[in-house]
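Since the structure comes first, as structure tokens, the remarks are kept for the end.
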Amino acid sequence: MESFPEIISVDDHTVEPAGVWRDRLPSRYHDIGPRIVRAPLKEMTFVGGKFAPKMGAPGDDGPIADWWVYEDLRRPLTRLDTAVGYSRDDVRLEGITYEQMRPGSYSVPERLADMDINHVRSALCFPTFPRFCGQTFTEAKDRELGLLCLRAYNDWMVEEWCGPQAHGRLIPLTLIPLWDAELAAREVRRNAERGVRAVCFSEIPPHLGLPSVHSDAWDPFLGACDETGTVIAMHIGSSSKMPSTSADAPPAVGSTITFANCCYSMVDWLMSGKFERFPNLKIMYAEGQIGWMPYVLERADVVWEENRGWGGVADRVLRPPSELFAEHVYGCFFDDAFGLRNLDAIGAGNVLYETDYPHSDSTWPRSKEVGESQMGHLPQDVVERIVRGNAIELLGLTSDGLWAGAGS
């Protein structure tokens, strides 16, 4: 390898600053909209794929944490939200305050500095408090407030997080109101007009009580993405249900099989007929890794070839799923040597690189070294495609890997 290209990470995260919503919502919502409260952590468990924190009252015993409070929701900031800079053995399930996290988690100048340390040119960032596709606002009682909160987040994302101080190095990723596909389509178009090319969505919407991609319910949203060239980005956990095996399984079980929801989701999309109806549609699986993809594609092709007559897809999936994958689907990884050894069975044009900053799985500050060790057998031009070229094309970035803003 001549040199390792500057990374374009398609899966990093932002921890929203405390004032994101108070600064943007009408004053009448300040006491019920999202806000930070410092309080004790009474109890917190993460078992069987379910995260369950309990907030203490003032004066209670327990470690102090910063909590997002919104309607009846109480959600602490945790060390898992922002683990970079800590030894792996020191990353535990615990609540933290803003002062206890690395400033690059929430501050643009410090984020750019940490990107420089990690050989990262630009990064696409998923949310924290709204969750990976805005489930927090979908679950809220007040839908009018939920829509205001969602739009406020998108405005902050575009105008501040990815604003002038980011110098094009932070790439906007916005949310939609999942409860209304027509409103979602409008929000896609509103953000597309200012240069946004990616939107969050759920890997398995029925887990959220929403229609599946096999229905026509999402067509207004999908049509807007198809027309505007907006990529649908699905992060592991965006169905609010992490894979697990039993109610008492330790988190390590779910952490090992986090790719499973992506696997199920990809088969859903390949067998849905949506890629036939919306030929410009592109989807990507953040943090889903890629090593599992070859067999799933092989099996999907066999099912389509031999069983489509009774399998319910003969009239809507008109080509082998592997062909649809090649044109519409992107796998994202940060540490997957096996997948890279089987790249020919996936396609170099369907793979994107990521660093997962600042989460506990992040390869920061060694993402370059990890990439060099796992891609050393690949030709230089293939490495270039994986590490930055595919992302530039997919997200409409400049040749230098930057977001150009409105009109990009």
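Reckoned from all heavy atoms, side chains included, excluding hydrogens, waters and symmetry mates. Count residues from 1 along the sequence.
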* **Matching residue for Phe137 among Leu150, Leu148, Leu147, Leu178 - test: side-chain contact (heavy atoms from CB on, under 4.5 Å)** => Leu150
* To do: Test Val120 against every option in Ile8, Thr355, Asp114, Leu112 by the side-chain contact (heavy atoms from CB on, under 4.5 Å) rule and name the one that passes.
  => Thr355
* Does the ring center of Phe201 lie less than 6.0 Å from the ring center of Phe221? -> yes
* Could you tell me whether Tyr264 atom OH has more than 12 heavy atoms of other residues or ligands within 6.0 Å of it? => no
* Asp301 and Arg319 ion-paired at < 4.0 Å -> no
* Tyr353-Phe333 aromatic ring centre distance below 6.0 Å -> yes
* Does a salt bridge link Lys282 with Glu393, judged by any charged N lying under 4.0 Å from a carboxylate O? -> no
* **Criterion side-chain contact (heavy atoms from CB on, under 4.5 Å) against Leu173, the qualifying member of Asn154, Val196, Leu124, Val231** => Leu124
* To do: Kindly check if the number of other-residue, nucleotide or ligand heavy atoms within 6.0 Å of CG (Asp344) is above 12?
  => no
* Asked: Are any non-hydrogen side-chain atoms of Leu25 and Arg35 less than 4.5 angstrom apart?
  -> no
* Structure fact -> Heavy-atom closest pair (Arg151 atom, Glu187 atom, distance to 0.1 Å) is NE-OE1, 3.3 Å
* To do: Check whether any side-chain heavy atom of Thr136 sits under 4.5 Å from a side-chain heavy atom of Arg75, and report yes or no.
  => no
* Asked: Going through the checks in order, is the salt bridge (charged side-chain N to carboxylate O under 4.0 Å, His left out) test met by Arg121 and Asp116?
  -> CA-CA 7 Å; Arg121 178 57 168 165; Asp116 288 339; over 6 Å; no
* Asked: Under the criterion ring pair (Phe, Tyr, Trp, His ring centres under 6.0 Å), which of Tyr357, Tyr106, Phe132 is the partner of His13?
  -> Phe132
* Asp315, CG: over 12 other non-hydrogen atoms inside 6.0 angstrom -> yes
* Phe278 side chain reached by Asp219 side chain, heavy atoms, under 4.5 Å -> yes
* Asked: Looking at Arg79 and Asp90, does any basic side-chain N land under 4.0 Å from a carboxylate oxygen?
  -> no
* Taking all atoms of both residues into account, what is the closest heavy-atom pair of Ile386 and Leu378, and its distance? -> CD1-CD1, 4.0 Å
* Does the pair Arg186/Asp180 count as a salt bridge with the N-to-O cut at 4.0 Å? -> no
* Asked: How about Thr82 and Ser105: does a side-chain donor come under 3.5 Å of a side-chain acceptor?
  -> yes
